[in-house]
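Presented below is the structure to which this report refers.
Because the structure is a prediction, the values reported are computed rather than measured. Protein chains get the first letters and strands the later ones, always in sequence-line order, with residue 1 at the start of each.
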Number of protein chains: 2
Amino acid sequence: MAIHPTDGAGHTGRDVPPATVARLPGYLRALDALTEDGVVTTSSEELAERAGVNPAQLRKDLSFLGSYGRRGVGYEVAHLSEQVGVVLGLATLRRVVIVGIGNLGHALANYSGFADRGFAVVALVDAAPAVVGTTVAGLVVEPLDRLTAIVEGRGVSIGVIATPAAGAQDVCDALVEAGVVGILTFAPRALRVPDHVDVRAVDVASELQILAFHDARRTATGA
Amino acid sequence: MAIHPTDGAGHTGRDVPPATVARLPGYLRALDALTEDGVVTTSSEELAERAGVNPAQLRKDLSFLGSYGRRGVGYEVAHLSEQVGVVLGLATLRRVVIVGIGNLGHALANYSGFADRGFAVVALVDAAPAVVGTTVAGLVVEPLDRLTAIVEGRGVSIGVIATPAAGAQDVCDALVEAGVVGILTFAPRALRVPDHVDVRAVDVASELQILAFHDARRTATGA
DNA sequence: TAGATTGTTAATCGATTAACAATC
DNA sequence: TAGATTGTTAATCGATTAACAATC
């Protein structure tokens with residue numbers, strides 16, 4: 001039996017290349033900025049400029065989603081924005097749990113960027129008894145041993161790991177076991193997950209080291 | 001006149017592919033973890049497993065840096081770690097300014113991952129009068145109009161932008177103008193910089209949207 | 001010498017870019 | 001019709017992976 005993806009107006013969803021998917025949020029931001037500026041219709045040149053990419057790449061990326069422009073005219077900002085949102089699945093509310101309520105966990109819990117984009121932080125979890133029971137961003141921090149019950153009971157599909165490296169793999173395993181399908185980790189270490197789970201890793205120290213590399217080259221070559 | 005890079009034991013530095021550079025910090029972390037576990041010699045298989053990459057890829061990456069293994073034996077952890085550190089230019093202390101001391105800026109200022117890797121946060125800067133003058137992580141927050149003087153006067157080479165999207169490009173321009181060569185931004189928008197400046201962008205909302213995409217596919221295809 | 005594992009080559013794969021025919 | 005701009009094709013480029021000769 002062949003699988004029939006839920007196929008709307010565009011030929012949405014089927015094999016969009018990873019590199020394209022990674023750029024879609026940037027296009028969405030650029031479209032939002034255009035909307036705020038009152039721009040109704042845009043071109044691949046203008047939109048690409050705003051998103052910081054090549055116009056050819058933008059058109060190619062959008063072509064994977066469907067045909068949402070008009071030749072000789074351009075793209076209608078509101079319509080394209082909606083379509084990109086559909087592809088990213090932003091119509092559905094996704095419930096998020098944040099594990100590790102240190103400095104970073106605090107900042108994340110208070111970050112408005114979640115709610116703005118259809119993500120609801122439904123629980124905060126920490127291992128330290130001193131932190132459990134405190135209120136952060138309007139939520140009471142819960143103990144680590146409740147993690148499984150929280151994920152299963154509240155329909156959490158995405159877990160954010162903001163713990164030290166040492167505990168991260170255990171937290172990850174617990175999240176996966178409980179049924180989370182996406183993980184965003186800030187812990188500085190590689191995480192092992194089954195194929196069906198998606199991991200995105202943000203590592204500030206690594207980013208700085210990459211910058212340091214280029215700085216060092218510059219110095220060494222005397223630029 | 002041909003340019004001669006400062007060339008040490010290995011043929012370090014010249015044209016290391018960007019994709020390889022981006023993985024080096026992960027190798028360094030994996031090597032540190034091995035050191036902590038008391039492992040003296042490792043193989044491409046073991047190290048790759050720890051770093052979450054393919055062994056062939058690891059060997060290829062390392063081959064761009066030089067020849068730091070022994071056939072039939074493997075890699076000496078301490079030596080390889082040192083060499084990767086050299087390539088990343090971690091021997092040199094790099095001075096960092098953080099602009100935007102909100103929740104995230106706070107967390108970054110208190111993040112120990114900077115100092116651990118040879119980065120010194122030498123100044124915190126914010127636009128809001130209410131924040132200026134307060135002490136965060138042992139540093140007094142300074143006003144935005146001092147940014148240029150700070151960068152020039154204290155030898156800052158890397159700027160971290162943790163402001164809202166609206167102010168980010170202006171801050172970026174000021175940093176570049178003052179002589180910063182690397183920028184790490186957390187602001188959700190594309191930044192325009194001259195070619196000689198390196199930008200790394202971390203965007204939590206984008207990461208979540210990418211996770212949402214995969215979650216949506218999974219749901220749509222009935223997995 | 002036999003066994004192990006690197007460093008490198010060659011093959012594959014995916015991503016980017018330029019060019020242009022289709023079409024508004 | 002003339003001008004503009006998309007969507008797509010084809011060419012280029014870079015990254016990944018497998019395989020293996022070199023060598024410890």
query: Hey, is the side chain of B/N54 poking within less than 4.0 Å of OP1 or OP2 on D/dA18, counting only N and O atoms?
result: yes

query: Within the pair A/S43 and D/dT5, is there a side-chain N or O less than 4.0 Å away from OP1 or OP2?
result: no

- request: Return yes when atom CD of B/E152 has more than 12 non-hydrogen atoms of other residues, nucleotides or ligands closer than 6.0 Å, and no otherwise.
  value: yes

message: Can you confirm whether more than 12 heavy atoms, excluding those of A/R70, are under 6.0 Å from its CZ atom?
response: no

Step-by-step salt bridge (Lys or Arg N to Asp or Glu O under 4.0 Å) determination, B/D198 to A/R217: CA-CA 12 Å; B/D198 202 26; A/R217 283 310 127 252; over 6 Å; no

Taking only the side-chain heavy atoms of [X] (C-beta and beyond), determine which of [options] contains the nearest atom.
X	options	result
B/R71	D/dA22, C/dA21, D/dA15	D/dA22
A/S63	D/dT16, C/dA15, D/dG7	D/dG7
B/S44	D/dC24, C/dT16, C/dT6	C/dT6
B/Y75	D/dT17, C/dA18, C/dT6	C/dT6
B/P17	C/dG7, D/dA15, D/dG7	D/dA15

message: Please name the nucleotide paired to C/dA22 by Watson-Crick or G-U wobble geometry with both distances under 3.5 Å, or report none.
response: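 With both distances under 3.5 Å, C/dA22 matches D/dT5.
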
Any-strand Watson-Crick or G-U partner of C/dA11, both distances under 3.5 Å: D/dT16

When the distance from [atom1] of [X] to [atom2] of [N] is rounded to whole Å, what number comes out?
X	N	atom1	atom2	answer
A/F64	D/dT6	CZ	C1'	15 Å
A/D61	D/dT8	CG	C1'	14 Å
A/L47	D/dT6	CG	C1'	13 Å
B/L58	D/dA15	CG	P	17 Å
A/Q57	D/dT8	CD	P	17 Å
B/Y68	C/dT6	OH	P	16 Å
A/E45	D/dT6	CD	P	9 Å

Under 3.5 Å side-chain donor-acceptor pair for A/Q57 and A/D61: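 No, A/D61 and A/Q57 have no side-chain donor paired with an acceptor closer than 3.5 Å.
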
task: For B/K60 and for A/L62, find the nucleotide of DNA chain D with the closest heavy atom, then tell me which residue's nucleotide is more 5'.
output: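 Closest to the 5' end, via its nearest nucleotide, is A/L62.
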
query: Nearest nucleotide by nearest heavy atom, which residue falls closer to the 5' end of DNA chain C, B/G69 or A/T20?
result: B/G69

- request: Take A/R50 and A/D37 through the salt bridge (Lys or Arg N to Asp or Glu O under 4.0 Å) test and state the conclusion after the steps.
  value: CA-CA 12 Å; A/R50 294 252 190 171; A/D37 292 356; 2.9 Å; yes

message: Any base atoms under 4.0 Å from A/R59, or only sugar-phosphate, or nothing? Heavy atoms, all strands.
response: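 Here A/R59 touches the bases of the nucleic acid.
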
message: Mind checking if A/A56 touches a base, just sugar-phosphate, or nothing, with heavy atoms under 4.0 Å?
response: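 Touches a base.
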
